[in-house]
Number of protein chains: 2
Amino acid sequence: MTDNRVEALFKNESEPTTREKILDVAIDSIARRGFEAVSIRDIAREVGIRESSIYNHFKSKDEILDTIIEYFMVELSRSDPFETPMDVMLEKYGPEGFMNMAGRAYLERINRPRIARIWRIIAIELYRNEKVRQFFRTTMVQVPVSAWEQTFRRMAELGYIRECDTGVLAREFFYYSIYLFFDYFVISFNESTYCRFTEDMLEDLGPHIKFMMDAIKVGGAQ
Amino acid sequence: MTDNRVEALFKNESEPTTREKILDVAIDSIARRGFEAVSIRDIAREVGIRESSIYNHFKSKDEILDTIIEYFMVELSRSDPFETPMDVMLEKYGPEGFMNMAGRAYLERINRPRIARIWRIIAIELYRNEKVRQFFRTTMVQVPVSAWEQTFRRMAELGYIRECDTGVLAREFFYYSIYLFFDYFVISFNESTYCRFTEDMLEDLGPHIKFMMDAIKVGGAQ
DNA sequence: GTCTATACTTCGATAGAC
DNA sequence: GTCTATCGAAGTATAGAC
């Protein structure tokens, strides 16, 4: 990238620039076949230019992937997930309702059209791209687990759930969710349905949330 | 392969054959860098022969990977996991003890030295190898989940746990386990510790089993 | 069964005309 | 900014001598 303004990569104007076309094609191809299997020639052909023209927009093949990943990270870190205070939400919907809504808010935030394909790229490149791995481990695992731990602690303080190990509880909730992510984007990946991932995930998440909340509701087992 | 006797690939004799050396080097390299990043030349160099000699043992690069995967599948499907009847185990150790022991037995069965590296290959190749994906989805997800569903149903029949949706229960237990697999072999993969995966997995599995069993023990929450 | 030599393809990337 | 032309490196695979 020349200007480092990742957030302005896609301007949503009527006619996309060549650079935007290249990124769009790259995102699509890499999500389908993986970075190593997609060549500069493949991308150029689909965009409708020669491969040498690619190098007017990116100085190497690696820079294309780096740009995609950086775009993804910036997009994810944009809007905050919660606007209404947790205590208010809890009082209004109860703990199970709160979790369902928080899950939905999170999934809707991370599932915009172009981003959904990059999720698949993240899942694929995780094993060989140290930057992606680092990002996933912290931003997609550790940070949410810590946040959920705080949330459960607050729930316990307010008497919505009984006292228990909130660290265990956070992992119980979130590791299952990450499994669903892998299931959706790798194990059971289906190219044709892959933009409905918010709906599908929520459907699978519902029984999980119910099971967990039943396990720790006030007056339940010790 | 010429003779299809996958199970006899590694004969454990004092001096490994060239074919065995090739497979060993291939397993190691592919587990580290992925199939596409490893070339025939890389493998030949490390074995100590010329690349053309590889073709005396395998007719293509793809056949090497196919052989590795087939070897893996056959090895996994060998010994049965349980020898002692479940009812006896349950009476002796209780439901939580039973699950811990079953987890340990399963993990020990699937974690032999050469196999541990192929687990990493499986995790890596999942996204682009339809055969691996099919195998994982059925043998590593659906079959164990069904088996655990049966097990939980029996536990409920015998009064060790209270009546509940055993399908939900089986997924609660096993999806978490599969997350641990991905965490171990992809997200938090560490080349230097990757043969201790049985011990590490069991350590993480303990609190999970305890949480689940607390949730469904007799006399707990409805 | 291993070697040398090589065919053939595809890859990422560059130079220079327009 | 796109084109033609091309380079050098690396890939899989084969032929044939020993």
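Residue numbers begin at 1 in each chain, while the letters A, B, ... track the order of the sequences. Only a predicted model underlies this, so the values are computations on that prediction, with no experimental measurement involved.
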J.: Any sub-3.5 Å donor-acceptor pair from Lys61(B)'s side-chain atoms to Phe35(B)'s backbone N or O?
T.: yes

J.: Tell me the closest heavy-atom pair linking Met213(A) and Pro95(A), and the distance in Å.
T.: SD-CB, 3.9 Å

J.: Rounded to the Å, how far apart are Ile54(A) CD1 and dG1(D) C1'?
T.: 12 Å

J.: Only one of Phe181(B), Phe182(B), Tyr194(B) passes ring pair (Phe, Tyr, Trp, His ring centres under 6.0 Å) with Trp119(B); say which it is.
T.: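 Of Phe181(B), Phe182(B), Tyr194(B), ring pair (Phe, Tyr, Trp, His ring centres under 6.0 Å) with Trp119(B) is met by Phe181(B) alone.
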
J.: Salt bridge check: are Asp66(B) and Lys131(B) linked by an N-O gap of less than 4.0 Å?
T.: no

J.: Rounded to whole angstrom units, what separation is found between the NZ atom of Lys61(B) and the P atom of dA13(D)?
T.: 9 Å

J.: Looking at Val74(B), is its backbone amide N or carbonyl O close enough to the side chain of Ser77(B) to form a donor-acceptor pair, meaning the two atoms are under 3.5 Å apart?
T.: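 Yes, the answer is positive, given that a donor and an acceptor are paired below the 3.5 Å cut-off.
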
J.: How close or far is atom P of dT9(C) from atom CG of Asp42(A), stated in whole angstroms?
T.: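 About 17 Å, once rounded to whole Å.
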
J.: Tell me, which of residues 29-39 of chain A have any heavy atom that sits under 4.0 Å from an atom in DNA chain C?
T.: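 Hits under 4.0 Å, by residue number: Val38(A), Ser39(A).
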
J.: Using whole Å, what does the distance between atom P of nucleotide dC11(C) and atom CD1 of Ile64(A) come to?
T.: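 Taking atom P of dC11(C) as the reference, CD1 of Ile64(A) is at 14 Å.
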
J.: Between Glu130(A) and Arg133(A), is there a salt bridge with N-O shorter than 4.0 Å?
T.: yes

J.: Below 4.0 angstrom, N of the basic side chain to O of the carboxylate: do Lys21(B) and Glu46(B) qualify?
T.: no

J.: What one-letter contact string describes nucleotides 3-8 of chain C from 5' to 3', where B marks a base within less than 4.0 Å of any protein heavy atom, S marks contact via sugar-phosphate atoms alone, and - marks no contact?
T.: BB----

J.: Please report the distance, rounded to the nearest Å, between CD1 in Ile43(B) and P in dA10(D).
T.: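 Distance, rounded to whole Å: 17 Å.
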
J.: What orientation do Phe10(B) and Tyr71(B) show, parallel under 30°, tilted 30 to 60°, or perpendicular over 60°?
T.: perpendicular

J.: Can you measure Ile40(A) atom CD1 to dG12(C) atom C1' for me and round it to whole angstrom units?
T.: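 About 7 Å, once rounded to whole Å.
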
J.: Check the distance between dT10(C)'s C1' and Arg45(A)'s CZ and give it to me in whole angstrom.
T.: 11 Å

